[in-house]
Every structure is written in C-alpha cells, then in structure tokens.
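First comes the structure, then the notes that go with it.
Every chain is numbered from 1, with letters handed out A, B, ... down the list of sequences.
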Amino acid sequence: MENLNTLTGKYGEEGDRLIFKVLNSGNYLEKVDTTQMESTAESARKILPLISEKALRYDLTVPFARYVVMHKHEISFPFKRYQIQPVWRADRPQKGRYREFYQCDADIIGSNSLFNEFELVQILDEVFTKLNLRVTIKVNNRKILSGIAEYIGASDKITDITVAIDKLDKIGLDKVVEELVQKGLSSDALEKIKPLLHFKPITAMGDETCEYLNQLTGNTATGKKGIEELKSIFDMVMEIPLHSARFEFDITLARGLNYYTGAIFEVKLNEPSSNFTGSLSGGGRYDDLTGIFGLPGLSGVGISFGADRIYDVLEELKLFPESYSHGTKAMLANFGETYKSNNLKLLFSLRQHGISAIYYPEEVKMKKQFEYADSLHIPYVVIIGEEEVNQEKVSVKNMKTGTQEMITISQLTSRLKSNS
RNA sequence: GUAGGUAUAGCUCAGUUGGUUAGAGCAUCAGAUUGUGAUUCUGAGGGUCGUGGGUUCGAGCCCCAUUACUUACCCCA
C-alpha cells in the first residue's frame with residue numbers, strides 16, 4: 001500500500017488509470033462538495049484525491065525509491081536489492097495479464113556506471129538460460145528517442161511518436177504514418193522521421209551504425225549521448241557473450257513508464273512453438289526517481305521479471321518436471337494391525353536415514369494403495385506381510401520398471417539412499 | 001476505458017430447423033480367484049443446462065436483463 005500521490009504521474013497517462021485506488025476510510029465523502037459533483041471525467045478527476053489517499057502498489061520500483069530515501073542514512077551506495085512481491089493493475093484481465101501478479105525486481109541505485117546495465121543483462125540471460133527459455137532482450141535508450149523528438153521539433157510528442165512506431169509490425173507503415181499525422185506531426189517532421197520507420201532491430205553496433213544513428217537523430221547532443229551509452233553496453237555484451245539470449249537494439253522499443261531516462265529493456269519470448277506476445281521482463285534506468293521523495297541526483301537502473309507470465313510460458317512449453325525427485329521416495333503398504341508395528345518401525349528407521357517415506361494410513365485393497373502411490377509418482381512401494389515377516393525381509397516394488405523383489409531392511413535402506 | 005465471445009456431469013466438450021426419459025471422453029466408485037499400479041474388460045453413480053424474466057402448446061436451443069469467466073484493442077510484467 002502506498003500513498004496515491006506518490007504513484008500518480010510516474011507511469012504515464014495510461015498508467016495512472018491502471019492504479020488501484022483505495023477508498024478513504026470512514027465517511028469518504030466528507031471533503032466532497034456534493035452539489036458540485038457531475039458524472040463527467042473531469043469532475044471525477046477533481047474528486048479523486050478527495051475520496052482516495054491510498055493506492056495499491058503498481059510496481060516495485062517506485063516504492064523502492066521511497067524506501068531508499070527513507071533509509072538513506074543506513075544505506076551504502078551503490079545499493080543493490082532484489083524484491084519479490086505482488087503488484088496490482090486495475091486492468092481487464094486476459095491471457096498473460098493479471099490484476100494481481102508477482103514481480104521479481106533487481107535494482108542498483110546510486111551509480112551512473114553503464115556496467116550496471118550490463119550486469120542486469122547478464123542476470124536476464126542467466127535466468128532465462130537456466131529456465132530453458134529462448135528469449136530476445138530488446139534494448140533502446142530514452143535519450144535516443146528524446147534526441148529524435150528534439151530533432152524534429154516535437155519534444156512534447158515523444159510518447160505519441162514512440163507508441164506509433166511501436167505498432168509498425170502490427171499495423172504497417174501506412175497506418176503508422178496516418179497515426180502520426182493524426183497526432184499533429186508536421187509534414188517536415190514526418191519526412192525526418194521516415195528513415196526511422198525502416199530501421200530494423202540490430203544485434204551489433206559498429207562505428208558505421210552509430211554514425212548512421214547520429215544522422216537519424218539529427219546529431220543532437222541528447223541523441224548522441226544515448227547512442228554512446230547504447231554502444232558501450234553492446235561493447236560489454238560483445239566482450240562477455242550471453243549464454244542463450246538474443247540481444248538486440250530496437251529503436252521502436254518505447255516503454256510507457258515515465259521515469260525512465262536512459263537504457264530501457266524488454267524481454268520477449270523467442271520460442272517458435274509458443275505465440276505468447278507479452279513481455280516477460282522489463283526495466284531501465286531512472287535518473288531522478290528519488291528526487292520526488294527528497295533525495296535528488298541519485299541514478300538507478302533495474303529490471304523486473306513477470307513471475308506469473310514466466311510460469312505460464314513454462315507451463316505451456318511443458319518445461320516443469322512431472323514430479324520432483326526430492327518428493328516421497330517410498331510408500332509402505334498397509335497390511336492391517338498385524339503388521340502395523342513392523343511398518344512403523346521401518347517407516348521411522350527410513351526417515352532417520354533421511355529417506356522421505358509414508359505409510360498408507362488405511363487398510364484398503366492393494367489395488368487402491370498402488371494406484372495412490374502411482375498417482376503421486378512415488379518410485380517405490382514396500383510391502384510387509386506374512387511372507388516377509390516369516391523371512392525377516394521386505395518386498396519392494398519399483399513402480400517405474402514394475403519389478404519386485406524381497407530383500408533385507410538394510411539392503412532396502414541403502415538402495416533408497418543410493419539412487420536419489 | 002473500447003469491442004467481442006462463452007456459460008450443459010468433478011474436468012474437457014457434443015447437443016441438428018425449438019419436440020418425448022440431455023449425451024461422449026476423461027475422472028470417480030464398484031466388480032472380473034479377497035498380496036499389486038501405470039496398460040485390460042464389465043458395470044454404476046453424478047446435471048433444477050450460470051441466475052431472473054419473456055416468447056411458445058412446448059425452450060439446453062429464440063429474445064431481454066443480470067452475474068461470472070474469457071479474448072482482442074489500449075498498455076504492459
């Protein structure tokens with residue numbers, strides 16, 4: 001839970017609408033002049049701060065910035081932290097999109113070094129490599145986008161421009177141009193921007209490319225700085241290559257969150273057998289997020305994993321193991337009161353040896369007990385009945401191979417211990 | 001915020017132009033020499049067809065409302 005006014009304005013116009021506002025406690029209409037109320041959007045906007053002071057957290061980055069400011073005297077900078085918690089969006093739920101979901105954030109605050117960006121890229125690569133997911137890490141830089149807007153004389157329209165360009169794949173060149181015109185872009189600006197629309201994502205940044213990009217951004221200082229930063233990250237990625245992730249610069253990558261000022265990241269799934277389109281992870285650099293809480297000049301960079309989306313994708317691609325190897329190792333069949341004591345002794349002896357075992361609690365048919373063991377993927381079923389007691393042995397059935405044999409308890413123990 | 005779609009057994013779904021006791025697969029349960037699963041065969045139970053109205057001789061099917069779920073756009077994890 002956060003104060004509403006610490007969240008508003010940080011996530012863009014769209015973001016503000018998606019914040020879950022919490023109604024004030026008690027008589028929440030106390031401060032409202034009900035005679036002035038109208039059912040218009042504008043009236044609603046005016047009344048909102050009067051009836052709601054709290055909101056559910058929209059992401060983990062803004063609350064993190066608040067935390068850093070609150071604890072500035074106890075923190076050594078550069079400060080790194082990770083955090084896994086639910087966040088909320090007042091959105092219409094749909095595939096891969098939830099009202100409540102878990103984000104896993106990793107941030108480094110209090111350092112301008114681009115090495116931090118590189119470290120985060122390494123984390124992204126390592127995580128998705130370990131999860132066995134092929135992904136594309138898309139990267140861009142807000143300064144490049146600002147440079148472009150500056151160059152074409154439409155600094156106030158950065159968001160409109162990037163949002164439109166972002167749709168290139170989906171709606172095509174003509175529609176994008178149409179949308180830009182509709183947003184009020186001059187024909188002169190449009191001419192300048194057109195080469196950008198033909199710029200495809202690239203996976204390497206040589207000097208020539210940089211030079212070309214400088215041209216595209218009209219050699220503005222901001223644009224140049226962004227290109228320089230981008231190249232610096234690329235250089236590091238070239239030097240220490242990633243394990244499995246594809247790393248590419250995509251000039252159409254925009255990101256709606258207002259607070260980003262430098263590098264921006266987004267991770268897309270790159271598996272032919274899945275058509276999941278949402279981003280699995282995102283992030284970027286924010287230069288002055290702590291400023292609004294009273295600690296200016298602190299730059300940070302962070303990424304966020306969408307745990308639920310990653311889970312969905314792993315499920316869809318069947319990458320979860322069918323059962324966990326460290327689950328129950330053996331089930332002792334229940335043969336009734338006569339053999340209960342033998343079973344209990346064995347059960348606790350096995351557990352003392354660190355073997356996870358259970359005793360079927362009811363005296364029911366063997367068929368049912370075996371079905372139970374099978375449904376739980378328990379690899380061994382141990383039987384102690386008349387035969388076994390007479391021979392001072394136990395029967396053990398390997399549920400995978402179907403073979404069964406009679407062995408001593410010490411043989412059983414070492415067998416269950418050895419192949420784990 | 002905008003625009004669609006769906007709602008029938010525990011689950012996944014059939015159900016013809018409205019017409020008699022609403023079906024299947026899977027799951028569950030019970031049996032096939034009462035010490036054996038994944039892989040056999042036989043049988044059984046289980047549904048006020050989301051809810052409330054309406055049209056009709058008659059509604060799972062048509063119309064209206066309502067609720068829940070879901071998909072796309074917008075945007076994002």
Side-chain angles (χ1 to χ4, degrees), chain A residues 11-19 41 44-45 57-61 84-106 124 135 138 159-160 162-164 166-167 170-171 175 179 253-258 260 264-269 275-284 302-313 322-323 331-336 338-339 360 363-389 394-406:
Chain A
Y11 309 111
E13 204 177 317
E14 184 73 14
D16 282 354
R17 221 190 60 213
L18 296 178
I19 296 171
R45 192 164 41 243
R57 78 174 88 85
Y58 182 92
D59 70 358
L60 301 179
T61 311
I84 301 173
Q85 273 186 314
V87 299
W88 293 269
R89 306 275 164 93
D91 204 356
R92 279 268 163 95
Q94 54 185 278
K95 192 184 171 83
R97 162 167 291 187
Y98 304 98
R99 282 191 177 142
E100 175 181 0
F101 59 95
Y102 276 77
Q103 284 194 334
C104 314
D105 270 39
L124 289 171
V135 297
K138 284 175 175 281
T159 334
D160 287 341
T162 50
V163 163
D166 190 43
K167 293 179 192 162
K170 287 182 196 163
I171 62 176
K175 292 268 182 186
E179 185 168 328
L253 176 63
R255 314 224 83 225
L257 278 67
N258 277 356
Y260 290 129
I264 44 184
F265 305 106
E266 197 159 295
V267 177
K268 297 271 187 176
L269 186 65
N275 57 2
F276 192 92
T277 51
S279 54
L280 299 179
S281 183
I303 50 169
S304 180
F305 294 90
D308 304 72
R309 282 185 174 177
I310 293 171
Y311 180 97
D312 286 348
V313 165
E322 194 176 298
S323 62
M331 184 184 93
L332 313 194
N334 191 318
F335 257 66
T338 324
Y339 309 99
Y360 195 89
E363 184 188 352
V364 295
K365 288 185 173 179
M366 275 303 98
K367 181 180 159 72
K368 198 169 167 65
Q369 300 195 31
F370 272 83
E371 278 175 350
Y372 180 76
D374 184 48
S375 71
L376 265 59
H377 300 107
I378 297 170
Y380 294 97
V381 173
V382 179
I383 298 164
I384 304 176
E386 194 181 353
E387 291 256 329
E388 288 80 5
V389 170
V394 298
S395 287
V396 56
K397 178 162 182 174
N398 182 322
M399 295 295 279
K400 206 165 183 180
T401 62
T403 56
Q404 181 171 330
E405 52 190 317
M406 227 188 266

Please list each protein N or O that sits under 3.5 Å from an N or O in nucleotides 2-6 of chain B, with the distance.
unit_1 : atom_1 : unit_2 : atom_2 : d
B:U2   : O4     : A:R92  : NH1    : 2.9

Inset, instruction - Kindly say whether A:M406 contributes a backbone atom to a donor-acceptor pair with the side chain of A:E388 at under 3.5 angstrom? - result: no

When you compare [N] with [M], how far apart are their [atom1] atoms, in angstrom units rounded to a whole number?
N	M	atom1	result
B:G58	B:G1	P	41 Å
B:C26	B:A32	C1'	22 Å
B:A59	B:G19	C1'	10 Å
B:A9	B:A22	P	14 Å
B:G18	B:G43	C1'	35 Å
B:C49	B:G10	P	13 Å
B:U12	B:C69	P	15 Å
B:U16	B:C73	P	33 Å

How many whole angstroms separate atom [atom1] of [X] from atom [atom2] of [N]?
X	N	atom1	atom2	value
A:D16	B:C75	CG	P	15 Å
A:I264	B:C75	CD1	C1'	14 Å
A:R45	B:G1	CZ	P	15 Å
A:M399	B:U39	CE	C1'	13 Å
A:F370	B:U36	CZ	C1'	4 Å
A:E363	B:U36	CD	P	14 Å
A:Y98	B:C69	OH	C1'	14 Å
A:I378	B:A38	CD1	C1'	14 Å

Please determine, for [N], whether a Watson-Crick or G-U wobble partner exists with both distances under 3.5 Å, and give it or none.
N	value
B:A65	B:U51
B:C73	B:G1
B:C41	B:G31
B:C26	B:G10

Inset, instruction - Give a yes/no answer on whether the side chain of A:Q94 brings an N or O atom under 4.0 Å of OP1 or OP2 in B:A72. - result: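 Affirmative; the distance criterion is met.
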
Check every atom of [options] against the side chain of [X] and return the nucleotide holding the closest atom.
X	options	value
A:D91	B:G35, B:C75, B:G37	B:C75
A:K367	B:G1, B:G37, B:G35	B:G37
A:I383	B:G35, B:C75, B:G37	B:G35

Inset, instruction - Determine the contact category for A:Q369: base if any of its heavy atoms lies under 4.0 Å from a base atom, sugar-phosphate if only primed atoms, P, OP1 or OP2 are that close, otherwise nothing. - result: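 A:Q369: no heavy atom of the nucleic acid under 4.0 Å.
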
N/O contacts under 3.5 Å, protein versus nucleotides 27-30 of chain B?
unit_1 : atom_1 : unit_2 : atom_2 : d
B:C29  : OP1    : A:K368 : NZ     : 2.8

